Amino acid sequence: MGMPGTLISVAPTGAETAKADAPTLPTTLDELLRTAKECEAAGAALIHVHLRDADDASSLDVGALTETVTALRETTGLIVQLSTGGGVHDPEEARLAVLDARPDGASLTCGTVNFGDDVFMNRPAFIAALYTRMQERGIVPEFECFEPGHLATVTRLVDAYGPPPGGHVHVDLVMGVPGAMPGTPAQLAACVAALPDGATFSATGVGRTTIPVMLAALAHGGHLRVGMEDTLTFAARQPVRDNAQLVDRAATLATLAQRPPLSPREARDLLGMSAGREGREQ
Ligand code: KMH
Ligand code: ZN
């Protein structure tokens with residue numbers, strides 16, 4: 001069997017950057033759909049979605065999320081993953097209600113973490129509530145680990161509540177957040193050694209850790225997340241043009257590593273999503 005391809009996920013918006021500071025950040029539905037199509041053409045298979053309200057703040061409005069999930073499915077073949085992290089100030093109830101929009105997948109942050117000048121709060125009981133609600137709804141979690149200790153929570157969740165829908169564990173290492181684990185090859189190697197048996201992983205490096213994390217992830221057989229949620233500078237003194245530029249660079253590096261981008265269908269197989277969400281509902 002040859003080397004497996006690379007899942008490229010794009011996180012185009014996030015909750016933190018102001019549109020005024022990054023004018024190509026997609027913050028309206030039209031902008032998001034255009035970005036999604038460009039990123040799919042450049043090699044992305046999955047989109048990690050945050051919405052903004054009219055004031056550019058994080059929005060977890062279930063109606064808008066549902067409309068977005070439908071529109072992304074109509075206009076692209078991308079796997080649609082909604083953020084249940086939102087912004088640091090979003091309340092737990094609203095974060096749980098994101099799952100009412102019935103995406104293919106959702107992010108699940110596996111612990112509390114310092115986040116710049118803020119704290120991104122994720123209580124154990126809340127993490128468990130998100131996980132079990134995803135199991136009921138057939139929504140595939142992506143276990144977001146901002147700190148090495150968050151990996152222990154992945155194992156604890158699966159041991160306590162059983163496997164995720166589709167049966168496969170996929171972890172995303174979010175590295176280089178100010179206040180959290182560094183985005184270094186050595187740190188990535190330590191996290192890879194702590195993954196649960198059989199798990200796959202993606203990694204993203206925030207800011208200037210983007211490239212070392214991307215290269216280290218490829219070297220360890222991992223997958224890539226890129227996008228303006230995490231990276232606004234393409235190179236020294238060169239702002240990112242748009243999300244497709246970041247996806248294109250990731251696809252080029254993955255191809256050079258002899259692990260070209262997975263199609264959305266291949267990515268669904270990897271993530272245990274091939275049966276469709278209805279087939280995974282409990
Ligand atoms: N915006 C961060 C506080 C996620 O999407 O699940 C949380 C975050 C993680 O972006
Ligand atoms: Zn996010």
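Each ligand, and each atom within it, is numbered from 1 in the order the structure gives. If you're wondering where the values come from, they're calculated on a predicted model, not measured in any experiment.
A salt bridge between Glu31 and Lys19 is present, with a side-chain N of the basic residue lying under 4.0 Å from a carboxylate O of the acidic one. Between Arg277 and Glu281, at least one side-chain N (NZ, or NE/NH1/NH2) sits under 4.0 Å from a carboxylate O, which counts as a salt bridge.
No N or O atom of Glu144 sits closer than 3.5 Å to an N or O atom of ligand 1.
Nearest protein heavy-atom neighbour of atom 3 (C) of ligand 1: Glu16 OE2, 3.5 Å. Nearest to atom 6 (O) of ligand 1 among the protein's heavy atoms is Ser107 OG, 2.6 Å. Among protein heavy atoms, atom 5 (O) of ligand 1 sits closest to Ser83 OG, 2.6 Å. What sits closest to atom 10 (O) of ligand 1 on the protein, heavy atoms only, is Glu229 OE2, 2.9 Å.
Side-chain atoms of Thr35 and Asn243 include no donor-acceptor pair closer than 3.5 Å. Between the side chains of His168 and Thr200, a donor-acceptor pair is found at a separation under 3.5 Å. At a cut-off of 3.5 Å, with distance as the only test, a side-chain donor of Asp90 or Ser58 sits close to an acceptor on the other residue.
For Glu229, the N, O or S atom closest to the Zn ion (ligand 2) goes by the atom name OE2. Looking only at its N/O/S atoms, His48 has NE2 as the one nearest to the Zn ion (ligand 2).
Arg95 forms no cation-pi arrangement with Phe126, by the criterion of a distance under 6.0 Å to the ring centre and an angle within 45° of the ring axis.
Using a non-hydrogen distance threshold of 4.0 Å, Gly86 registers as a contact of ligand 1.
Taking a cut-off of under 4.0 Å to the non-hydrogen atoms of Val88, the atoms of ligand 1 that pass are 3 (C). Residue contact check: Gly85 has heavy atoms under 4.0 Å from atoms 4 (C), 6 (O) of ligand 1.
Note on ring orientation: taking the six-membered ring where Trp is involved, the planes of Phe143 and Tyr131 are tilted (angle from 30° to 60°).
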